[in-house]
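Below is one structure, written out as structure tokens, with a few remarks after it.
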Amino acid sequence: MEKFQESMYKLIVETSTKLPKDVRRAIKAAKEQENAGTRSAMSLATITNNIKMADDNVSPICQDTGLPTFKIKVPVDANQLEMKKAIYEAIALATKDGKLRPNSVDSLTGENSGDNLGGGTPVIKFEQWEKDYIDARLILKGGGCENKNIQYSLPCELEGLGRAGRDLDGIRKCIMHSVYQAQGQGCSAGFIGVGIGGDRSSGYDLAKEQLFRSNDDVNPNEDLRKLEEYVMANANKLGIGTMGFGGETTLLGCKVGVMNRIPASFFVSVAYNCWAFRRLGVNVNPETGEIQDWFYQEGENVDFAEQEKKQAEVEIAASVEATGSSSNQEAITLTAPITEEQIRQLKVGDVVKITGRMYTGRDAIHKYLMDNDAPVDLNGQVIYHCGPVMLKDGEGNWHVKAAGPTTSIREEPYQGDIMKKFGIRAVIGKGGMGPKTLAALKDHGGVYLNAIGGAAQYYAECVKSVDGVDLMNFGIPEAMWHLQVEGFTAVVTMDSHGNSLHEDVEKSSLEKLAQFKEPVFK
Ligand SMILES: O=C(O)C[C@H](O)C(=O)O
Ligand code: SF4
């Protein structure tokens, strides 16, 4: 079992730090399609740069390493209890080594277990089979994309598309709608797994099961093959684009599975996975516990090479130029404390580079700040919606191992009030925020900055030092980290003049969705 534990550790580290070949190819194809000089092209360049950095640093591609979920097929005589124990050990070790973020939170007390164990985590599903080897697969699916999963109960009415009935065409409408409703919040461009039929839980299981298929396979069911091809050919016409910035690529993969249902129920379940599609698998020898083979590794490997970094800079510059974001055609540098006057000069589309101090704050902090004083003076400051992966060295100093943005919309009920209460001038996150925050930005003089979701290595490198931490009782991802950053790039997507790129893209993509209203599969 010692060897098996070692093999599971390797599987976890590889899954968290190296994207599989099929996913890399899909991202490369998207990048080639995107128009140069756009915000989407800039995001994709940052994403591929980030993939390369994760390869080199052997560090998490994205800071959110999800709810680790193992699917394991075992020969009949393999000891599943022993295997489970070995996986727990491997998970705890990978967490200690900074390859996984401590992500297991008590749902009632909010306490983080610190080692990714406890209360049903990680998820391990065993199945027996007649073969003589162990097939162990792992998916690390983050929370932002998980929150964009959706389940439809047919028949139903869908915005933009009208009635979806209990047939293939109704299913088609649900899938198109699922891509639309995700907007950029699940770090598009994404991959979807779709489950047709079952009940609410088995339908979602089936949808997630599809995410274990190779992105390049062809569905053996003729109807589903046509459906997958239709979705791939049309979803990108929604124009949501990378990060929801608008653009050519919104969807990178679509896999559909079917199972029987009961007469009264007809579910279409969609599992949305971000571009940071971390799933891998190994073939393990049940006698020795050693890895005999890796899955998803056939075909061309895309090694996003050194030039990615330079290209990311070129794309940032091109994007600045194309949007004419500033008078001197350079990214705008922001350093806290920021004045109201400075903030009011910023407009949607501006590319900014932040240098100096920022404070992380996400779900627990926002709730806390509503009723309590802030542990630091936040006047003129920048709040970063981020739950980083942190490691402490021998001398007790903290280091950032991964630090991309988290989905901001969860803070919508609090954000505007908190900005006003403490004088905060800028919030950074991803996916955009709603009307309440937009109104507060106008009223108070604030700005929302969209960072590139999933680019956790890129942003970790922008952090030059960790100067302190407050509210550690909330656990590592939820604490308030004091970060000193340099050249932290983000795009103004909501400004103090009432403009929101997110609102615009949502509106235009809804109009585009309506072109798919007419029946296709009769
Ligand atoms: O929890 C996080 O760090 C991010 C999350 O995966 C998200 O997409 O919002
Ligand atoms: S931050 Fe984005 S890339 Fe990372 S897990 Fe969440 S949805 Fe995925």
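Here, residue 1 is the first one in the sequence, and each next residue gets the next number. As the structure lists them, so they are numbered: ligands from 1, and atoms in each ligand from 1. Heavy-atom basis, side chains included; hydrogens, waters and symmetry copies ignored.
- Taking the centre and axis of the six-membered ring of Phe277, the NZ or CZ atom of Arg279 falls inside the cone set by 45° and 6.0 Å.
- Of all atoms in ligand 1, listed by their number and element, those nearer than 4.0 Å to a heavy atom of Thr407 are 7 (C), 8 (O), 9 (O).
- Summarising the local packing, CD of Glu111 is surrounded by 12 or fewer heavy atoms from other residues, nucleotides or ligands at distances under 6.0 Å.
- Put simply, the side chain of Lys255 does not reach to within 4.5 Å of the side chain of Leu211, judged on heavy atoms.
- For the pair Arg137 and Phe70, the NZ or CZ position fails the cation-pi test of under 6.0 Å to the six-membered ring centre and within 45 degrees of the ring normal.
- The nearest heavy-atom contact from the protein to atom 4 (Fe) of ligand 2 is Cys62 SG, 2.2 Å.
- Among the backbone and side-chain atoms of Cys274, none of the N, O or S atoms lies under 2.8 Å from atom 4 (Fe) of ligand 2.
- Shown in contact with Gln63 at under 4.0 Å from a heavy atom are these atoms of ligand 1, numbered in order with element: 2 (C), 3 (O), 4 (C).
- For ligand 1 and Lys430, the ligand atoms under 4.0 Å from any heavy atom of the residue are 7 (C), 8 (O), 9 (O).
- The ring of Tyr459 has its center closer than 6.0 angstrom to the ring center of Phe488.
- At the top of the distance list for atom 6 (Fe) of ligand 2, counting protein heavy atoms only, stands Gly144 N, 3.9 Å.
- The protein atom (non-hydrogen) at minimum distance from atom 6 (O) of ligand 1 is Asp64 OD2, 2.5 Å.
- Distances from ligand 1 to the non-hydrogen atoms of Glu146 include no value under 4.0 Å.
- Listed by number with element, the atoms of ligand 2 under 4.0 Å from a non-hydrogen atom of Gly142 are 5 (S).
- Residue contacts with ligand 2, taken as heavy atom pairs separated by less than 4.0 Å, do not involve Lys141 at all.
- Proximity to Arg410 (heavy-atom distance under 4.0 Å) selects the following atoms of ligand 1: 9 (O).
- Near Pro405, with a cut-off below 4.0 Å to any heavy atom, the atoms of ligand 2 are 1 (S).
- A 6.0 Å sphere centred on NZ of Lys367 holds no more than 12 heavy atoms belonging to other residues, nucleotides or ligands.
- The nearest pair of heavy atoms linking Met176 to Leu238 is O-CD1, 4.1 Å.
- From Met433, atom CE reaches atom NE2 of His385 across 5.0 Å, with rounding to the nearest 0.5 Å.
- Near Cys187, with a cut-off below 4.0 Å to any heavy atom, the atoms of ligand 2 are 1 (S), 2 (Fe), 3 (S), 7 (S).
- Atoms of ligand 1 lying under 4.0 Å from at least one heavy atom of Arg362, given by number and element, are 1 (O), 2 (C), 3 (O).
- Within the 4.0 Å heavy-atom cutoff, Gln185 does not count among the residues contacting ligand 1.
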Query - Check against side-chain hydrogen bond (donor to acceptor under 3.5 Å, both in side chains), Tyr448 and His502 - result: CA-CA 11 Å; Tyr448 176 81; His502 308 283; 5.2 Å; no
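- Aromatic ring centroids of Tyr368 and Phe474 lie under 6.0 Å apart.
- Close to ligand 1: Gly143, with a non-hydrogen atom less than 4.0 angstrom away.
- Contact between Cys145 and ligand 2 is present, with at least one heavy atom of the residue lying under 4.0 Å from the ligand.
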